[in-house]
Structure formats: structure tokens, C-alpha cells
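This report concerns only the one structure given below.
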Amino acid sequence: VQQITEQMQQVQARMTGIKHKLVVMSGKGGVGKSMTTVNLALALARQHSRVGLLDVDLNGPCVPRMLGLHGRSLTMTPEGALPPVGPLNIKVASMDFFLGAASPVRWKGPMDVSPVWLGLMEMNVIREFLADVVWGELDYLLADLPPGAAADKPPVIAGFIPDLAGAIVVTTPSEVASDVVQKSVTYARDMGIKVLGIVENMSEYRCPSCGEQNELFEGNTEAMCEVLDLPLLGRIPFDRKLARTFDKGEPLLDETYPTIQRYQEIAGRI
Ligand code: ADP
Ligand code: MG
């Protein structure tokens, strides 16, 4: 217990130079949390903010790859671990840098460990990681949380970040997504996390087989925002071209590109 307290004090000390700390979450996986986090970080950096990006998805940390930083690592110094710097001077700390072959959470062969225990170990690894990273002075820190909703990891991880300004929640237009997302908003609020608003990702697409557009779903996210009393911060269209540039680790940064302008608008609202 004492070690945990000391680590949390250390995390707090490491983050004192950061003005606004935000998490991006969603109950559901694959809705575009990472895509949203990375693009909002880039958008804030374009608005002359000093930005840090924290990727705490233990099972699929993908932020370094998206920003062309895969294979890089933290620079160990006597003062702590310095994060590598990505496009637009964003400092990136990812569990990807931490999970080497000797990682305590990467198991080979059959394992005789209960999921609860494994979860506790993961939380320990994340806390240790946060206690090491040196951020310096930043205007914003954005954290990309793993998927999961009620009684799960994301709210616990959010609890590791001192003086959290709030959470941005990502959803997609489908009803399946909004159900899970609603649950995660409720749970986050129960944990005392302020939810700032909703981003609807993968809006506006056309089905290749029936040709129908997802305007069919229109109103879903608005209805959810109304029920939860949250602002809709913006919508990001399904944009294969933009997403591919991140999949390849060569992110498109052109601020005149329409979807990037959408991210700029959302960044202006947070
Ligand atoms: P999550 O972090 O929620 O699991 P990701 O951000 O990794 O989701 O996105 C899942 C996949 O969907 C990725 O391959 C990503 O490139 C793609 N994707 C995300 N947002 C969009 C979008 N607006 N348009 C097209 N593809 C997208
Ligand atoms: Mg992700």
C-alpha cells in the first residue's frame, strides 16, 4: 500500500507541469478512440499548444505506429523516462514502448492466473509507467484509454491521472455502440469523472451492397446526448483515405483537408 501511495505521489509530481489533462474513452472497442485521440492531439498542437499523448491501451497500444514512432522508445535518464517526439512536436508515451519481450504482462504458454489478478498486475504496470515518464511543461495531455465500460479498467486508469479535467467519449452512429457508450458514461460519472462531451466517429458512410447511407441512424447520437445531457462535440466522417495514412504510420497533416478541419473544430470546443 505504501509503495502505491509513493507511486501516486510520484505520478502527481510528474504531471504538475501539465495544464489540462483529458482522457478519451468509449465503452466499445474499434470505434476510433485512438484515431480520435491522435487527431485531437494534432489539432491542439496546430493551435500552438504543447501537447502530450499517453497511450495506455495495454492490449493494443497503437499510437506510436499511427504516428510513425513504432520501434522508438523512451529515453532513460537519471531524471526519468523522456518520451519521443512525434509530428507537430507531440510527446508520445505508450505502453508499446514499455512492453518488451520481458514484459510481465506478456505471457507465453498456458497461464494459471485469474483475470482479476492479471488486471491488478496490468494496473501496477501502468502506475509504474506513469511514475517514470517526464512530461515537462504541457498545455494538454490526452490519454487514449483501452475499451471497456462498467467496473472495468478505463475508469481505474483515469483515476491514476491527478486533477483530470474530464473525458471525451467516442461513439459511432449504430445503436449497439450507443448502448455500451451510455453505460460507460454513467460509470465514469459514478467514479467522479467529468464527461465533457461526445464525438461521433464514422458518421456519413454509404453501404457498398445496398447503397444506403447511415443517415438512417441519424438522430441516435443526438438522442443519446440529450438523455445524458452532454454536448455533441462533433462528427467525423468515415474517411478511408485519412485512416489509411495513420494505419501506415505516415499521418496526413494537411490542415486544409476537410476531415482534419472537423478535428480542428472539435479541438476548439474542448
Ligand atoms: P479504437 O481505438 O476505438 O479501438 P481505432 O482508432 O484503432 O479504434 O480505429 C479502428 C480502425 O478503424 C482503425 O483501423 C482505423 O484506421 C479505422 N478508423 C477509425 N476512425 C475512422 C474513420 N473516421 N474513417 C475510417 N476509418 C476509421
Ligand atoms: Mg485504440
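In each ligand, atom 1 is the first atom listed, and ligand 1 is the first ligand listed.
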pair [X]-[Y]: side-chain heavy atoms closer than 4.5 Å:
X	Y	answer
Val92	Pro83	no
Leu54	Trp135	yes
Ser174	Asn220	no
Met202	Val31	no
Cys62	Asp57	no
Pro154	Ser184	no

Hey, which atoms in ligand 1 end up nearer than 4.0 Å to a heavy atom of [X]?
X	result
Asp247	14 (O), 16 (O)
Met35	6 (O), 19 (C), 20 (N)
Ala243	16 (O), 25 (C), 26 (N), 27 (C)
Asn201	19 (C), 20 (N), 21 (C), 22 (C), 23 (N)

Legend entry - Distance in Å, Ile157 CD1 paired with Arg127 CZ, rounded so as to fall on 0.5 Å steps: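 Answer rounded to 0.5 Å: 11.0 Å.
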Inset, instruction - Nearest 0.5 Å please: distance from the CG atom of Asp96 over to the CG atom of Leu69. - result: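 One gets 10.0 Å once the value is rounded to the nearest 0.5 Å.
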Inset, instruction - Ignoring hydrogens and angles, tell me if any N or O in the side chain of Arg262 forms a donor-acceptor pair with the backbone of Arg235 under 3.5 Å. - result: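 Checking the backbone N and O of Arg235 against the side chain of Arg262, a donor-acceptor pair under 3.5 Å is found.
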Legend entry - Residues, nucleotides or ligands: over 12 heavy atoms within 6.0 Å of Gln261 CD: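 Enclosed: over 12 neighbouring heavy atoms sit under 6.0 Å from CD of Gln261.
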Legend entry - Where at least one partner belongs to residues 30-47, residue pairs that pass side-chain hydrogen bond (donor to acceptor under 3.5 Å, both in side chains), sequence neighbours excluded: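 Residue pairs passing side-chain hydrogen bond (donor to acceptor under 3.5 Å, both in side chains), neighbours aside: Ser34-Asp144, Arg46-Gln264.
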Legend entry - Residue among Leu40, Val38, Leu44 satisfying side chain to side chain contact (heavy atoms under 4.5 Å, CB included) with Tyr263: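 One option only clears the test, and that one is Leu40.
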Inset, instruction - Have a look at ligand 1 and work out which part of Pro237, if any, has a heavy atom under 4.0 Å from it: side chain, backbone, both or neither. - result: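 Answer for Pro237: backbone.
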Legend entry - Any protein heavy atom < 4.0 Å from atom 21 (C) of ligand 1: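 So far as the 4.0 Å threshold goes, atom 21 (C) of ligand 1 is in reach of a protein heavy atom.
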Inset, instruction - Would you tell me whether Gln10 and Glu6 have side-chain atoms, one donor and one acceptor, within less than 3.5 Å of each other? - result: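 Per modelled atom types, Gln10 and Glu6 side chains form no pair under 3.5 Å.
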Inset, instruction - For Gly30 and ligand 1, answer yes if some heavy atom of the residue is under 4.0 Å from a ligand atom, otherwise no. - result: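 Yes; Gly30 lies near enough to ligand 1 that a heavy-atom distance drops under 4.0 Å.
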Legend entry - Sub-4.0 Å heavy-atom approach of Phe238 to ligand 1: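 Yes, Phe238 has a heavy atom closer than 4.0 Å to ligand 1.
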Name the closest protein heavy atom to [atom], giving the residue it belongs to and the distance to 0.1 Å.
atom	answer
atom 12 (O) of ligand 1	Met202 CE, 3.7 Å
atom 7 (O) of ligand 1	Ser34 CB, 4.1 Å
atom 24 (N) of ligand 1	Asp239 N, 2.8 Å

Before signing off on this row, confirm whether [X] and ligand 1 have an N or O atom pair separated by under 3.5 Å.
X	value
Cys62	no
Lys33	yes
Gly32	yes

Inset, instruction - With the Mg ion (ligand 2) as the centre, enumerate protein N/O/S atoms below 2.8 Å in chain and residue order. - result: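 Counting only protein N, O or S atoms under 2.8 Å from the Mg ion (ligand 2), the list reads Ser34 OG.
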